[in-house]
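Comments concern the structure below.
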Amino acid sequence: MSARIIDGKTIAADLRGKAADAVHRLRGDRGVVPGIAVVLVGDNPASEVYVRNKSKAVTESGMHAFDRKLPSSISEVELLAIIAELNADEEVNGILVQLPLPKQIDTQKIIAAIDPGKDVDGFHPLNAGRLASGLPGLAPCTPLGCVFLAKTVHETLAGLEAVVIGRSNIVGKPVAQLLLAENATVTIAHSKTNDLPSVCRRADLLVAAIGRPEMVRGDWIKPGATVIDVGINRVPGENGKSRIVGDVAYTEAGPIAGAITPVPGGVGPMTIACLLLNTLRAACAQKGLPPPKV
Ligand code: NAP
């Protein structure tokens, strides 16, 4: 393994510390304590773990956590009423609805009902449009984390050949938009891309957001490239236990890449750190204050 390992855990911890300092200053100087409402519908065990971790990080940063745990039987109308209540609540600066939602609820309708200024997940069409138009807004947390990690390796991303595999609204598209805003030359690849290995071999910066265990092989990587692996895939491990791997074959890619994120411990921890940052930004914007210095 010759690649530098991009230690997302340490970088995220540092960012969370800076967010906590900013919250402390905001409370001291302006009497403002940012608050976030995380809405969890149903009892999906993976979602429960995510929400618990998010709430812990929010509380540790000194922000207020207004969690709402709702039954899986909730109707769309009832959920919309709760979103309206949170939109109107001045103590709530950020709203995050944990996905996936039960099938009786139209996810896009719920996302569109969130006040765009409180949309700390950055999934509202207005924020997606702002990002695509180069206007200020709230961008999705995982893509923000990817770009943050890439910038720990490269002083500037300007002029880099970046390839993003994946075009979801949650990761692929917004990460591509953020890289474009950093003046990288961006290619978005997907399941219909011809000769994906050749496309990847062009990349100085490769972002894999596919959801397929270790699909990106070592010989797809340009020597010295920076590899950001967003994938979280559970595969069978030893002794009947499962383990988590990324979308990149890490042991193959390590000797070829210049820098690489591990899975776990790479992009994952950055998502929550960026959620804190987005909540801080949202709170400052709502109070007419300048953006936080983090
Ligand atoms: P998604 O909505 O399923 O999108 C996957 C994308 O990969 C699609 O655009 C799809 O192309 C593309 N793809 C699938 N198979 C492909 C193939 N054989 N060749 C090329 N492209 C292919 O997934 P997502 O929500 O973006 O998530 C991607 C991964 O990131 C998942 O493992 C997820 O668990 C992980 N994730 C991690 C975090 C974190 O905090 N670290 C956050 C979010 C997601 P088409 O559009 O053509 O179908």
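Counting convention: from 1, in listed order, for ligands and their atoms alike.
Ligand 1 places these atoms under 4.0 Å from at least one heavy atom of V267: 41 (N). Here is the list of ligand 1 atoms found below 4.0 Å of a heavy atom in V230: 30 (O), 35 (C), 36 (N), 37 (C), 41 (N). Less than 4.0 angstrom separates some heavy atom of G268 from each of these atoms of ligand 1: 41 (N). If you number the atoms of ligand 1 from 1 as listed, the ones under 4.0 Å from a heavy atom of G166 come out as 6 (C), 7 (O), 9 (O). Atoms of ligand 1 found under 4.0 Å from any heavy atom of L196, numbered from 1 in the order shown, are 19 (N), 20 (C). Atoms of ligand 1 found under 4.0 Å from any heavy atom of T271 (numbered from 1 in listed order, with element): 39 (C), 40 (O).
Heavy atoms of A189 stay at 4.0 angstrom or farther from ligand 1. Residue A209 places a heavy atom less than 4.0 Å from ligand 1. Distances from ligand 1 to the non-hydrogen atoms of T193 include no value under 4.0 Å.
With hydrogens left out, the protein atom closest to atom 11 (O) of ligand 1 is S191 N, 3.3 Å, a heavy atom. Here the heavy atom of the protein found nearest to atom 19 (N) of ligand 1 is M215 CE, 3.6 Å. Nearest non-hydrogen protein atom to atom 13 (N) of ligand 1 is I210 CG2, 3.5 Å. The protein heavy atom nearest to atom 31 (C) of ligand 1 is G211 CA, 3.6 Å. Shortest contact from atom 43 (C) of ligand 1 to any protein heavy atom: V171 CG2, 3.7 Å. When only non-hydrogen protein atoms are considered, atom 15 (N) of ligand 1 lies nearest to R212 NE, 2.8 Å. For atom 26 (O) of ligand 1, the nearest non-hydrogen atom of the protein is S168 OG, 2.5 Å. Nearest protein heavy-atom neighbour of atom 9 (O) of ligand 1: R167 N, 2.8 Å.
Side-chain atoms of V58 and T279, non-hydrogen and from C-beta on, never get closer than 4.5 Å to each other. Within the 4.5 Å cutoff, the side chain of H154 has no heavy atoms near those of the E182 side chain. A 4.5 Å side-chain heavy-atom check between D219 and P197 finds every atom pair outside the cut-off. With contacts defined as side-chain heavy-atom distances shorter than 4.5 Å, the pair I83/V97 qualifies. Considering only heavy atoms from C-beta on, L276 stays 4.5 Å or farther from V294 through its side chain. Residues R243 and V235 are in side-chain contact: their nearest non-hydrogen atoms beyond the backbone lie under 4.5 Å apart. Side-chain contact between Y250 and V245 is absent, with no heavy-atom pair separated by less than 4.5 Å. Side-chain contact between I36 and N93 is absent, with no heavy-atom pair separated by less than 4.5 Å.
When the options L196, V163, I256 are evaluated for a side chain to side chain contact (heavy atoms under 4.5 Å, CB included) with W220, the one that passes is L196. The side chain to side chain contact (heavy atoms under 4.5 Å, CB included) test with P174 is passed by exactly one of L131, T142, N127: L131.
With a heavy-atom cut-off of 4.0 Å, T142 touches ligand 1 through its side chain alone.
Using a cut-off of 4.0 Å between Lys/Arg side-chain N and Asp/Glu carboxylate O, D21 and R25 are scored as not salt-bridged.
Checking only distances, I165 never comes within under 3.5 Å of ligand 1, N or O to N or O.
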